[in-house]
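The structure is given below, and queries will be raised subsequently.
Order of listing sets the numbers, starting from 1, for every ligand and every atom in it.
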Amino acid sequence: MNQTALTAAARLLDKRLDELGRVTDEPGRLTRTFLSPAMERANSLIGGWMREAGLTVREDETGNLIGRLESPAPGARTLLLGSHLDTVRNAGRFDGALGVLLPIVALAELKERGVTLPYHVEILGFSEEEAVRFTGAYIGSKAYTGRLRQSDLKLKDARNHTLLEVIEAHAGQRYSPPKAAHRSSELLGYLEVHIEQGPVLEAKKLAVGVVSAIASQTRGRLTFRGKAGHAGTTPMDLRRDALAGAAEFILFAEAFAGARPPLVATVGTINVPGSAANVIPGEVVVSLDVRHPSDATCAAAVAELVRQAQRTARRRQLACEWHPTMQHEATPCSVPLTTQLARSVRAVQGTSLPLVSGAGHDAVIMAKLTPVAMLFVRCRNGLSHHPDEYASPKDLEVALQVVVDFLLRLSTKS
Ligand code: HGY
Ligand code: MN
Ligand code: MN
């Protein structure tokens, strides 16, 4: 593809990321959660871009946006590309969206050049990956791969609505967990383009890299229970302060993980039901997110952190309960597919750096259906899950060129 067309395509991609970044449930900041009004507006905006690129568009019963480009080739299999369209609260405009919008621009360019691919392509905009509205992540890709369970449908959001109620209200009809959208034998694989959300590519002065594996991840909730009381009349030595116990644990978790890189442990939310400045907190619920490239190390770290939380609680005459909400093993990317992707990366940028992803991605779920590969794009200061998240148009252009090269090389193999 000639450079001018590529530069123009990257500029169009950047403009669309900007436009999509303003489709939000919370004016003034970017927040899009599962089946929200903003997600519906995002699906219709992106569906229009998919149609312009020549794809047929549908939304499945779980709110996933699916664009399909059929190949005339007899017996053609399907290549899947995509990522998630939901966001964390006060998010950046690249996380998830890049992996949906970039392939649309790439296919539009190939259409412009009169290229017909010898395989079908499906571009997937998953309806939920971030676990913001419901604690169990990957609802969209689990539904698409036939791995959504009845138990998932019982998850409740902050308004006490179950996942089933929310889906049926959206669809206006009964819902049960769907079968996989494809059999593995029909697929060539899944490619997800995503910002790195880390500092490595920037440090190595590279625009893109390939993902070798996605880290093991466990999330859950710790509930500390003590005794509420009057802040003014209860002597310090007679208190059972749940918040003080949780605070001691939070600092322990930070030090524990800090001493064991690349282990990471994060308490991202803290909830003190019925809190008031003049009441000793009787109950506190904190989230715990633990990750490591190795499953065994991650599991051992979670066990030690929970034991420490319970030791801290006992010493303070508190009760402490652990409730796991999500566990995903480390996911190696497909070596053959990643080797092909690395070839395109080398063709464009001269060198291809393999990286482990500390962040979870829909590729974790897609890997249970088909071989997966991921292309990481450098993001400024490695910052993500933040409105200042940023990937430059120049780096978008490199990523676009890699994906077009990958699609064309795959044509000669599929
Ligand atoms: O939290 C994650 O790893 C991803 O951004 N959902
Ligand atoms: Mn994210
Ligand atoms: Mn993401």
Side-chain angles (χ1 to χ4, degrees), residues 17 20-21 24 29-34 39 42 64-65 81-103 124-142 144 190-201 209 211 213-221 257 262-269 287-293 295 298 302 324-331 333 355-367 372-379 382-391 399:
L17 284 163
L20 180 60
T24 179
R29 64 186 210 170
L30 175 56
T31 303
R32 273 198 310 267
T33 56
F34 181 63
M39 282 297 280
N64 294 313
L65 180 67
L81 300 101
S83 191
H84 58 95
L85 291 173
D86 68 317
T87 72
V88 293
R89 296 201 184 293
N90 198 18
R93 64 191 174 101
F94 296 87
D95 179 1
L98 177 63
V100 183
L101 299 193
L102 186 147
L124 310 171
F126 291 117
S127 54
E128 190 286 341
E129 184 269 356
E130 295 284 10
V132 170
R133 182 170 184 180
F134 292 97
T135 48
Y138 304 131
I139 294 169
S141 43
K142 277 183 184 170
Y144 185 83
Y190 169 77
L191 171 61
E192 182 164 356
V193 180
H194 204 288
I195 50 168
E196 180 201 343
Q197 301 177 301
V200 176
L201 288 172
V211 176
I214 299 165
S216 182
Q217 171 178 171
T218 296
R219 287 190 211 172
R221 276 194 307 272
L263 180 73
V264 287
T266 312
V267 173
T269 64
S287 62
L288 179 63
D289 175 318
V290 184
R291 312 202 192 181
H292 191 280
D295 289 324
C298 190
V302 170
T325 54
M326 191 172 110
Q327 200 284 322
H328 287 287
E329 300 82 43
T331 303
C333 290
L355 297 144
V356 172
S357 172
H361 300 285
D362 290 301
V364 164
I365 304 300
M366 295 303 286
V372 302
M374 283 196 74
L375 180 69
F376 265 359
V377 182
R378 170 170 47 189
C379 57
L383 184 64
S384 180
H385 285 188
H386 188 284
D388 293 345
E389 188 179 274
Y390 177 78

In terms of ring plane angle, is the pair F126 and Y144 parallel, tilted or perpendicular, where the classes change at 30° and 60°?
perpendicular

Does the side chain of R89 come within less than 4.5 Å of T33's, by heavy atoms?
yes

Does ligand 1 come near enough to D95 that some N or O of the ligand is less than 3.5 Å from an N or O of the residue?
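Among all N and O atoms of D95, none is under 3.5 Å from an N or O of ligand 1.
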
H84 versus H194: any side-chain heavy-atom pair under 4.5 Å?
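Of all side-chain heavy-atom pairs linking H194 with H84, at least one is under 4.5 Å.
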
For A359, atoms of ligand 1 separated by under 4.0 Å from a heavy atom
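Near A359, the atoms of ligand 1 are 3 (O).
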
Please lay out, stage by stage, how M39 and R133 fare under the test side-chain contact (heavy atoms from CB on, under 4.5 Å).
CA-CA 12 Å; M39 282 297 280; R133 182 170 184 180; over 6 Å; no

If we only count heavy atoms from C-beta on, is the T87 to R29 side-chain gap below 4.5 Å?
no

What atoms of ligand 1 come closer than 4.0 angstrom to any heavy atom of E129?
4 (C), 6 (N)

Taking atom types as modelled, is there a side-chain donor on S127 or N64 under 3.5 Å from an acceptor on the other?
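Yes, a side-chain donor-acceptor pair sits under 3.5 Å.
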
Should you measure from each heavy atom of R219, which atoms of ligand 1 turn up under 4.0 Å away?
1 (O), 2 (C)

H194 atom (N/O/S) at minimal separation from the Mn ion (ligand 3)
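When I compare the N, O and S atoms of H194, NE2 is nearest to the Mn ion (ligand 3).
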
Atom of D95 closest to the Mn ion (ligand 3), considering N, O or S atoms:
OD1

is_close_aromatic(H361, F376), centroid dist under 6.0 Å
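Yes.
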
Quick check on contacts: which atoms of ligand 1 are under 4.0 angstrom from a heavy atom of R291?
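That gives atoms 1 (O), 2 (C), 3 (O) of ligand 1.
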
Tell me which N, O or S atom from E130 is the closest to the Mn ion (ligand 2).
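Result for E130 and the Mn ion (ligand 2): OE2.
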
Looking at the Mn ion (ligand 2), is one of the N, O or S atoms of H385 less than 2.8 Å from it?
yes

Do the non-hydrogen side-chain atoms of E196 and S357 ever get within less than 4.5 Å of each other?
no

Can you find a side-chain donor-acceptor pair between D289 and T266 that sits under 3.5 Å?
no

Hey, does G358 come in under 3.5 Å of ligand 1, counting only N/O atoms on both sides?
no

Do you see an N/O/S atom of H84, backbone or side chain, under 2.8 Å from the Mn ion (ligand 3)?
yes

For H361, state whether at least one heavy atom is located under 4.0 Å from any atom of ligand 1.
no

Is there an N/O/S atom in E129 that lies less than 2.8 Å from the Mn ion (ligand 2)?
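It does not: E129 brings no N, O or S atom closer than 2.8 Å to the Mn ion (ligand 2).
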
